[in-house]
Every structure is written in structure tokens, then in C-alpha cells.
Asks: 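Pasting a structure here, questions to come.
Below, chains carry the letters A, B, ... as their sequence lines are ordered, and counting in each starts from 1. These numbers come from a predicted model, not from an experiment.
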2 protein chains.
Amino acid sequence: MYNYNTGRRDKKEERKSRVLEHVVHAYVSTAVPVSSKTVAARMGGNISSATVRNIMGELEEEGYVEQPHTSAGRIPTHSGYRYYVDITKDHIRLRKKEAERLAREYNWRIRTIKEVIERTSFLISRELHNAGIVMWPSIEDFYLKHMELVKVRTETVLVILVTMTNAVKNYIVRLERDIEKAQLEKITNYINTNHEHSAFSRIAAELRSTLEDTSDSDRQDAAGIARSALAIIDSIIHEKMENEIYWEGLDYFMGEAEFQDVSITRRLLQMFSERDDLIRLMRKELPYRGIKVHIGEENSCKMLKECSVITSGYTLHGRTVGRIGVIGPTRMDYDHALRTVSCLSDLISLKLREIDW
Amino acid sequence: MYNYNTGRRDKKEERKSRVLEHVVHAYVSTAVPVSSKTVAARMGGNISSATVRNIMGELEEEGYVEQPHTSAGRIPTHSGYRYYVDITKDHIRLRKKEAERLAREYNWRIRTIKEVIERTSFLISRELHNAGIVMWPSIEDFYLKHMELVKVRTETVLVILVTMTNAVKNYIVRLERDIEKAQLEKITNYINTNHEHSAFSRIAAELRSTLEDTSDSDRQDAAGIARSALAIIDSIIHEKMENEIYWEGLDYFMGEAEFQDVSITRRLLQMFSERDDLIRLMRKELPYRGIKVHIGEENSCKMLKECSVITSGYTLHGRTVGRIGVIGPTRMDYDHALRTVSCLSDLISLKLREIDW
DNA sequence: TTTAGCACTCCTTTAATTCGAGTGCTAAAT
DNA sequence: ATTTAGCACTCGAATTAAAGGAGTGCTAAA
């Protein structure tokens, strides 16, 4: 379909593209194979169904649509969805009224970070009638203001830390070997003086390189402190990984037409039981801020083969610290999903800034 | 069916009871209405299907079984399940081999309380092919060994506490008004000296009565300390309430025959979205240690009308501190469920004792 | 290049029929 | 007085047949 010939051809391609859009649009909302007649009507009546039929034939040859059986309408293939998303993605814009409503609902009585996460997830799932997923902001990208270590038991340390955003967080860290109190104080001092105002990921990286540079001839003591500090930082970064995803709205799947195909829904639920793949997916694209759309087979993860996942990053002080998204069957209202996810990722970014952690 | 007449009659009732048992048994495993022939066969062949038919007729009149339609087999009613559970519940005993296998799987590489919760839930859902639910042990019933308060910000206090089981827990508590450091120390002192080795619920109760007894003429200072202490203890007890339930195995519903009836499954999933009812249900019977079985309509909660919930308490140092359970369609293998839940509640109680929190 | 027209395909719906598992009742057997 | 064999009857489930119709592909005219 991509083609860079004469203006004449361009016009034709343009029309073909519009036909595809209409097929996707119609199919997404009705879940019924789309006929040439339907498309002709939607295109404003100045084109006949026969012409549309021809175009659809071409689209089928090119792999953008397919027929469930002869003498049935067309449904989009994965490539079809992909094409559709690629061309619409950039100029979607939530209608102002809708955006305002979302913002109003979003901000209604919300105070803690936990509530932010839950509200986001809830709104995604309710708006899109699919499961909403929200990553917790990754601790790696937070900036350390101050850290305190308290020995609570042998091999066990309580870490209290204050981030630049004044969030107070605390972790219980279990160490491989015991550390005396005096040593602990040295570690605290070391980190507070050398690494104040750094992101945790950077602290970890710097500690690692320090350790490598330190030749054996250097003081053992310093190396020991750095090593222990790294162990603590690492286990903090690691800690949240496990529950770093929150979701909601599994029940919505049930309402969808796809439900007829039990196997898909079942796969989806299984998916949620074994969320590792999902976590990996989202982590992988964490650095990227914009919207990403994964359609069906494009997903490397087997479970997700028949689903689409749309995600978008949210930011804190200009850095992407997490992602939100929606997951549902391949036949999904991409327009609406893109609009909503985009809008909510803006809202969450705004909210994070003003929230009292 | 209950009847206290001659020995002759007893024998007859006994047989009727066995017929009902077989109906439940057969229906539970096949999900197909049970015919008189099937029951006759299962009873060992020394009874004819015609006789069974008569008995089933009586059972139907008495409301223990029903027919989906004339000329179909019988299925148990809720009363039928209830009767069945009541008579079998007391002499269920997990086969030794099965129990050993469970114990082995249970204990495999488990260290933290979180892992205990997750493992329990996982095993319930995997064994019973339904959703497993596990309450976190309620902090109220833990015994305080030592408490430490750290002021981290205005109106915000970090509470570190060590329980009698050597568990270290920590909470961030937000207060209504600020407390100075000196005052904080007094509070710490007050609790540590007056309430060491008490359960949190008792500490709260005692503080409350102290406050009531304290007449206005008493020293204001003491009252203030008690009040602040109470606020802190209360918010700690309250804190965990929200997430005090963990579950797993939603996907198993899908596999079951009941799945044909989408509305039930859907209701179940919705149920899990709005878990408040479930939490309330479990909290209500928390003090009771033994197994409780809720069948279908007996549940006050609408969502649960078509489900059964089986729960059992688990203990720590002789006190019931939480409950575990399974939730699924009314047609559930009650035998297996009772056995498994009972066994796992023993296992979790044992494990809690030895776990390194 | 577009479109009207038409034959053809094949899914869906409906109706009619058959099949059989299971019951309830009656009369004989124990 | 129970139990049981026997049999007519019921009613859902499965099978088949037919009709209906939405949609296509192709051809020939506009």
C-alpha cells in the first residue's frame, strides 16, 4: 500500500487507506465482519459498494484484511490494525469535554501514591472495558535526599530513606552476613555524603564502578563499605520489582464479544497469573516516554499472542519513571484506547508532582 | 429426614442419607444430573434403581434434591449440599500420602511471611481448581515486644516494632497534628513500659479505658500521651486492613463446567474486584478457629449467592490470627475442599511458628 | 475506471424428526 | 410391607433438511 508514484496513484492509495480505516473502525465497534456495503455507506455514498469490493480485494491480497470464509465481510488482520494505528496514532486528541471529565474524576479525593495508582488503573479499565495496568514508579529513578540505616536484628537492617520529592520510604533488608553498628554508620555516612541528590540507579552504577576501579592494594575498608552499600541499594531497587504492577478490570473481558472464544479469555487470565511476561514487556520499554502499541502476534510472549497491549510512560520531574497501559483482545477500540491512555498518562504525571507521598 | 424413631426407621433413614451422599458425590465430579441407575450402581448393586427412584422422590419432597426438568436425573439443592457437608465435615481426614505431598510442597523453599501467604493461596487454588484466598495474620493479635518511634517529617512518624515472634514491622503513620520529638519519646516509653508483651488489640483496649477513667482533674500530660499512643496504635491496626486478603487462581474458574453459565463466572470476577464483602465475611468469623462452610444462598452477600466459600482459621501461639479459604461455584468437591483447606490451615499454623519474619 | 446486475457461496436460522436417558406408576415378587 | 421388574411417557439433546439472506466475484455496460 505504501507507494510513492504519481499524484494520481496517491489519490487512489489515499482512498484505499480510508477504506481500511473504515473496516477497522466498524469491526472494532461491532465485532462483525464488515461488508463492502457498510464501508460504502460510511464513506459518504459517493462510492459504490462494487468499487469498495474491488479495493477490499486488493487490501486482502496485500494482507491487511481477511475473510473468515468466502462470502463474508472482511476483518482486519494484525497488519491491518498495525497500519491503522500507525497512521492515526499521531493525530489523536481527546475531545475536550471527555478530557475534562476524566480529569475531574481523576482528581476526586486523591492523596497518596497508592490511590493514584489505583485510580489510574480503575479509570483505564472502566473507560476501555478492558484490564488496566499500572507500573509503580520505579525507585531507580528517584533521587536520594537522605538515608538512614537501623540495625534491627542480626543480618537485618531497616533502611529509611527520604527522596527529593520528600517521599519517605522504608525497607527491611536482609543481608548475607552481619554488619556491626559502627560499620553501618560508616555506610550511611558514605552514601549520604557521596551520593546525595543522585538517582538510585546512578548510585548503584557509581558504586559498581568504584568497586571495579579499586585495586586490591587500596584500603580494604573502603571497598568493604562500598560493597555493603551496593548490596543494600541493590536489594532496595530489587525489592519493589515483584509487585511493581497493579491492575484491575479483569471482569470486563467477560462482557466483550470475544468472550465467545473462551480460550482467549482463559489465556488472558492465565496471563495475569503469571505476570512476569507483562512486567518484562513494560520494563523493556520503560525509558521510552511515548505511546507504544503491541498488536497480537507481534508480542514475543506467547500468552499475549492474541491480545493487544497499549502503554504510555508517565514522568516525574521530566524523567519517565513508569508506564500505564491497557490490555485486551486484538479487536480493541484503538482510537479510544490511545486517547484515554495518553490522557491518563498526562494526568498521572501531573498528579505525581503535587502529591504528598 | 431427621427422625428419631424405631431402629427400623433409622435404618431406612440411614439408607436415604447414603443415597443423598451419592447424589452429591456424583454430581460434584461429573456436573451432570444423577440418575437412579447411577446411584444404584454406586451403592453396590444390592439395591435396584426402582427403589432408589422412590427414595429420590422422597428426597425431592424434602427439598434436598431437585430435577432440572421432568425426566432428568437429580441434582442437589443447597440444603442437600448443606446436609452433606454437615454429616461429612467431622470425619474427613486427608489421606496420609496426600497430606505428606502437600506438606512437602508447602515447605519447599519458604522463608518470609509473604511467601507463606502466597504459597498457601497457590496450593489451595491448584489443588481445588478454584480461587484460593488467604487473610494476612491480623496485627491485632500479635504481641508487642518493643516499639520505636522516629519522626521523619512534620505530622509523620515512622513506627518500628518488634513482635514477640521477632517479626520486625514498620509503618509510616500520618498524624492529625504534629508531635514534638520529646513527646514522642515519652509515648515510646509509655508503651514500652506499660504494654510490653500485650497483644495490640489489648493495648488499644487498655488505652481506651485509661482515657475514659482519667478524669479531667488528672494530669493533662498523661492523658495527652495516652491519646497520641492510641492514635498511633489504632492507625497501625487499621493500616493492614485494606490489603489483608490475598488470592490467586481466578483462571481456574474457566476450566470448570459451570463456565457454560457465563453469568456466574462473571459475577465471581466482579466479586474479586469488589472484595469488601469477602473481607467482611472472613473478618466476621475470624475468632472461630474451625472450618466454616457457606453454601450458595446462605451467603448474605449478593455476589456470593451462587458460590460456596469454605474457610478455616490458622493460629499463632494458640490464637486464631487469620483465615484461609477457597471460593468457587456451589457445585464444588466439598470433600476434597474440606480436606485440603483443613490440612493447609494446619500447615500454615505450623509454619508461622518457625518462620523467620 | 466505475458501477449495475446477477449467479454463486456458505453461514445462520428454523422446523421437523428422531433418539434415548430417565422418570413415575403399577402390578408382581419377596 | 418392601422391593423390584416392566412399561408407557416426557422432554431435552442431537440430527437432518430446508429456507433465507448477506456478501462476494465476475461480467458487461456506463
Asks: What's the CD1-C1' distance between A:Ile75 and D:dG23, to the nearest Å?
Replies: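 So the two atoms are 15 Å apart, to the nearest Å.
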Asks: Would A:Thr88 and A:Asp335 count as a side-chain contact (heavy atoms from CB on, under 4.5 Å) here? Give the steps.
Replies: CA-CA 8 Å; A:Thr88 53; A:Asp335 267 13; 4.1 Å; yes
Asks: Not counting sequence neighbours, which residues clear side-chain contact (heavy atoms from CB on, under 4.5 Å) with B:Ser121? List them please.
Replies: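 Testing B:Ser121 for side-chain contact (heavy atoms from CB on, under 4.5 Å), a comparison that skips the adjacent residues, returns B:Val134, B:Tyr246, B:Glu248.
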Asks: Does B:Thr340 have any side-chain contact (heavy atoms from CB on, under 4.5 Å) partners at least two apart in sequence or in another chain, and if so, which?
Replies: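 Listed in chain order: B:Leu102, B:Glu127, B:Leu128, B:His336, B:Leu344.
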Asks: For the side chain of A:His69, starting at C-beta, report the closest nucleotide among C:dC10, C:dT2, D:dT4.
Replies: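 Ranking C:dC10, C:dT2, D:dT4 by closest atom to the A:His69 side chain puts C:dC10 first.
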Asks: Taking a pair as Watson-Crick (N1 to N3 plus N6-O4 or O6-N4) or G-U wobble (N1-O2 and O6-N3), both under 3.5 Å, which stems of 3 or more consecutive pairs involve DNA chain D?
Replies: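 C:1-30 with D:1-30 - these are the stems of 3 or more pairs that involve DNA chain D.
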Asks: Please, which pairs that meet salt bridge (Lys or Arg N to Asp or Glu O under 4.0 Å) have at least one residue in residues 28-52 of chain A, sequence neighbours excluded?
Replies: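 Listed once each, the pairs would be none.
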Asks: What pairs with A:Tyr84 under ring pair (Phe, Tyr, Trp, His ring centres under 6.0 Å), at least two apart in sequence or on another chain?
Replies: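 Partners of A:Tyr84 by the ring pair (Phe, Tyr, Trp, His ring centres under 6.0 Å) criterion come out as none, since no residue qualifies.
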Asks: Ignoring backbone atoms, establish whether B:Arg15 has a side-chain N or O less than 4.0 Å from OP1 or OP2 of D:dT2.
Replies: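 Looking at the OP1 and OP2 atoms of D:dT2, neither is under 4.0 Å from any side-chain N or O of B:Arg15.
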Asks: Please report the distance, rounded to the nearest Å, between NZ in B:Lys16 and C1' in D:dT2.
Replies: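 The distance from NZ of B:Lys16 to C1' of D:dT2 comes to 15 Å, rounded to the nearest Å.
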Asks: Taking ring pair (Phe, Tyr, Trp, His ring centres under 6.0 Å) as the definition, give me every residue that meets it alongside A:Tyr334, ordered by chain and number, with sequence neighbours left out.
Replies: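 A:Tyr334 satisfies ring pair (Phe, Tyr, Trp, His ring centres under 6.0 Å) with A:Tyr81 once adjacent residues are dropped.
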Asks: What residues, two or more places apart in sequence or in another chain, satisfy side-chain contact (heavy atoms from CB on, under 4.5 Å) together with A:Lys292?
Replies: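 With sequence neighbours excluded, A:Lys292 shows a side-chain contact (heavy atoms from CB on, under 4.5 Å) to A:Glu285, A:Tyr288, A:His294, A:Thr311, A:Arg323, given in chain and number order.
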Asks: Nucleotides 24-30 of chain D: which of its N/O atoms have a protein N/O under 3.5 Å away?
Replies:
from, atom 1, to, atom 2, distance (Å)
D:dT24, OP1, A:Ser36, N, 3.3
D:dT24, OP2, A:Ser36, N, 3.4
D:dT24, OP2, A:Ser36, OG, 2.6
D:dG25, OP1, A:Arg74, NH2, 3.1
D:dG25, N7, A:Arg53, NE, 3.1
D:dG25, O6, A:Arg53, NH2, 3.4

Asks: A:Ala50: which residues meet the side-chain contact (heavy atoms from CB on, under 4.5 Å) condition with it, sequence neighbours left out?
Replies: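 By the side-chain contact (heavy atoms from CB on, under 4.5 Å) rule, A:Ala50 matches A:Ser48, A:Arg53.
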Asks: Whole Å only: how far is the CG atom of A:Asn46 from the C1' atom of C:dT3?
Replies: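 The answer, rounded to whole Å, is 14 Å.
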